[in-house]
Amino acid sequence: MRKALAVVVCCFILATGYIAYVIAERQNALQKFARYNDSWAVSQAVGEYVRFETLLAEYALGIDSVGKEELRLRLDIVLGRMISFQQGSLTAFMASKPEMRQAVGELDKILERVDNQLDELSPAEARALLPEMSGLVPQLTAIAAASVANDVEMIDAAHAEVRKLHIIYTALAAGLILCGMALIVLLLRHNQLLNRAQKKLTLLTEELQTATLELQSNNLRLEYDAHHDTLTALPNRTLFRKELVRRLNPESRIDRVALLLLDLDGFKEINDTLGHDVGDALLKAVAARIVPLGQSNELICRLGGDEFALVTDNLGEAEALDVAQCLIERIASPYNIGDMEIKIGTCVGIAISQEKVDADDLLKHADLSLYDAKRQGAGKIAVYRDYMQSQLSEKRSFEADLQSSLLNNEMEVFYQPQVSTQTRDICGFEALLRWTHPVRGQVPPSEFIPIAERTGFINTLGKWVLETACKEAVRWRPDIKIAINLSPVQLHSANLIRNVVGALERSNLSPGRLELEITESVLLGNSDQTLAILDSLKTVGITMAMDDFGTGYSSLSNLRHVPFAKLKIDQSFLGDIVTDKQALAIVEFVVGLGRKLGMTMIAEGVETEQQYAVMRQLGCDQVQGYLVGKPMPVVKLAGLGVYA
Ligand code: C2E
Ligand code: CA
Ligand code: CA
């Protein structure tokens, strides 16, 4: 479009230039017309010459009426006219014809002579001049005729030129009109396009405005999402941290910031047993209970999982403890989720900002106090004290020591016999880890196993127990089995099957002699994956024993689906079995059920002969406990006659 406009404008400029040129040309042609009077002047000159000649002839004849004055007048007229021969285009015309030039030359000479003689000219002298003068008349007439013909020619040429110019002018004008029309059309089209573009632009602007608004609202939503927990709609860890940093900044002029960290007691179990939907619903219900608490400037956040935080300003320790107690009470009342009534408690860790404490420090303090509260048990509160820091250091050094225990040869596998109830013959041993630290001394498994599980070191430790115990067991009589404890963490490790099969291969122990003890809690949650692992272990030929039966949640249903060959009744049942009829009834029921399901039943923690007798009477296949043998180092096994 722009190009077209540019072309049309150029055409206009060219056409204007050309028209100017054509007009100038036309003026030239008109000028020529003006000059065509030359032929007339020549004719006049010739006429005057003839007239003068006639007058001279009359004078020569002596006609009285002709005087010298008249002759002089006529001669002057002739001489005057003669100038036309030397003027304008006639000069060029004459120059091109030598005979004319010659005739004019002769004319000049005669006239000059007449002019010189006229004053004393006698009629006789006049008569002598006449023949010469008359001799020039035909040539002069020819010049006049040629001049007229030349003029006619020039006029024709000028006419042709004018006609040509006229055509060019008309064509140009028509072209300009067409160009103008084209330009108008183009301008109209351009206008139309501009209108369309403007409409589009308006539309785009509107769309842009809508998009901007949408973007703004999206941004707000994103901002909200980035700072809030999707499940409970509470502010999340990001906002919590920002807020903590802001409040602890001296510019906020807040003297003291109190931070209360909450961690629900046993939430993981509820989540695992009742499913994530119930877990989520419970978290929402808990969040609703603690919001709002009514403290000034309080901010309640969900930090993740079952961890919540409350930040308030200017709260003393006693008031913070009151708030914590209030939170515990609020959370503790039962929840109705679906058709279930669920109870859950919480521990609270409190930290109150002192001078020069930043957000990280305060959070660390609150974390330490929460850890301390958890250590004390469910529903406890702890306020940060400096010793907690050293406790943490101790915890870290404990973890480091545990990590290096294997390399330092501080670990040992003890073996506790399992006997057949009927014969009291040893039918197996349970491998139990023992850690003797050079400074800490004997560290019980109940202390280091949970930490090894938390740090993941249990995988290394468990592999080592497997290797060690299998190598030991292969030396025993073929009827004696080895039972090895498997942590739930190990069960979810990708290397488990490879480690077990590897240990069997390297020790050359028959898979049928290996029994893996797992607690029923591993069956909670993630059960498809767990069942698949248990199935593959069974395929290898290994038997599974359910450890600590009766302490978990889903006892009975698990018995149907999981490939357990053995059931270990937890030692907590054995304690009361002799005195408490209900405990006895439970154990009796469990033994009967297990046997019906074709499982080998074993009771652990048998310490007295009475307990032993009861178990034998109930038909329990095997027993394990201090009565028949404590866990012992490998050197002690020699005396038991178990070696092949
Ligand atoms: P557990 O598998 O239930 O092991 C039985 C625990 O009961 C052992 O404690 C054993 O010494 C103790 N015990 C045996 N008979 C009696 C008795 O008659 N009376 C009493 N009061 N206790 C008895 P230990 O060796 O301290 O182990 C504690 C727990 O540590 C074990 O419980 C097991 O869960 C874990 N554990 C021990 N060794 C290993 C291991 O190699 N791997 C894994 N994953 N866990 C292990
Ligand atoms: Ca066990
Ligand atoms: Ca046990």
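We count ligands from 1, going down the list as the structure has it; atoms in each ligand are counted the same way. What you are looking at is a predicted structure, and each value in this text was computed from that prediction instead of being measured.
When each of Arg595, Gln422, Lys566, Gln418 is paired with Asp621, the side-chain hydrogen bond (donor to acceptor under 3.5 Å, both in side chains) condition holds for Arg595 and for no other. For the side-chain hydrogen bond (donor to acceptor under 3.5 Å, both in side chains) with Thr232, the qualifying choice from Asn236, Thr230, Asp229 is Asp229, the only one to do so.
When all heavy atoms of Tyr384 and Gln389 are compared, the pair lying nearest together is OH-OE1, 3.8 Å.
Note on Arg375 versus Asp372: salt bridge recorded, some NZ/NE/NH1/NH2 to OD/OE distance being below 4.0 Å. We find that Glu430 and Lys568 are joined by a salt bridge, their nearest charged nitrogen and carboxylate oxygen being less than 4.0 Å apart. In this structure, Lys481 does not pair ionically with Glu517, as no charged nitrogen and carboxylate oxygen lie closer than 4.0 Å.
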Quick check for students: name every N or O atom pair between ligand 1 and the protein closer than 3.5 Å, with distances.
residue  : atom   : partner : partner atom : Å
ligand 1 : 2 (O)  : Glu430  : OE2          : 3.1
ligand 1 : 2 (O)  : Asn485  : OD1          : 3.0
ligand 1 : 2 (O)  : Asp547  : OD2          : 3.0
ligand 1 : 3 (O)  : Asp548  : OD1          : 3.3
ligand 1 : 7 (O)  : Gln571  : NE2          : 2.9
ligand 1 : 15 (N) : Gln416  : NE2          : 2.8
ligand 1 : 18 (O) : Tyr626  : N            : 2.8
ligand 1 : 19 (N) : Glu607  : OE2          : 2.5
ligand 1 : 21 (N) : Gln571  : OE1          : 3.4
ligand 1 : 21 (N) : Glu607  : OE2          : 3.1
ligand 1 : 22 (N) : Gln571  : OE1          : 3.3
ligand 1 : 22 (N) : Tyr626  : OH           : 3.4
ligand 1 : 25 (O) : Arg434  : NH1          : 2.9
ligand 1 : 25 (O) : Arg434  : NH2          : 2.9
ligand 1 : 38 (N) : Leu433  : N            : 3.1

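Using a distance-only test at 3.5 Å, with no hydrogens or angles considered, no donor-acceptor pair links the side chain of Ser420 to the main chain of Gln622. Panel note: side chain Gln611, backbone Glu607; a donor-acceptor pair is recorded below 3.5 Å.
Ring pair Phe429/Trp476 is tilted by interplanar angle, where 30° to 60° counts as tilted.
For the Ca ion (ligand 2), protein N, O or S atoms closer than 3.0 Å were enumerated as Glu430 OE2, Asn485 OD1, Glu517 OE1, Asp547 OD2, with waters left out.
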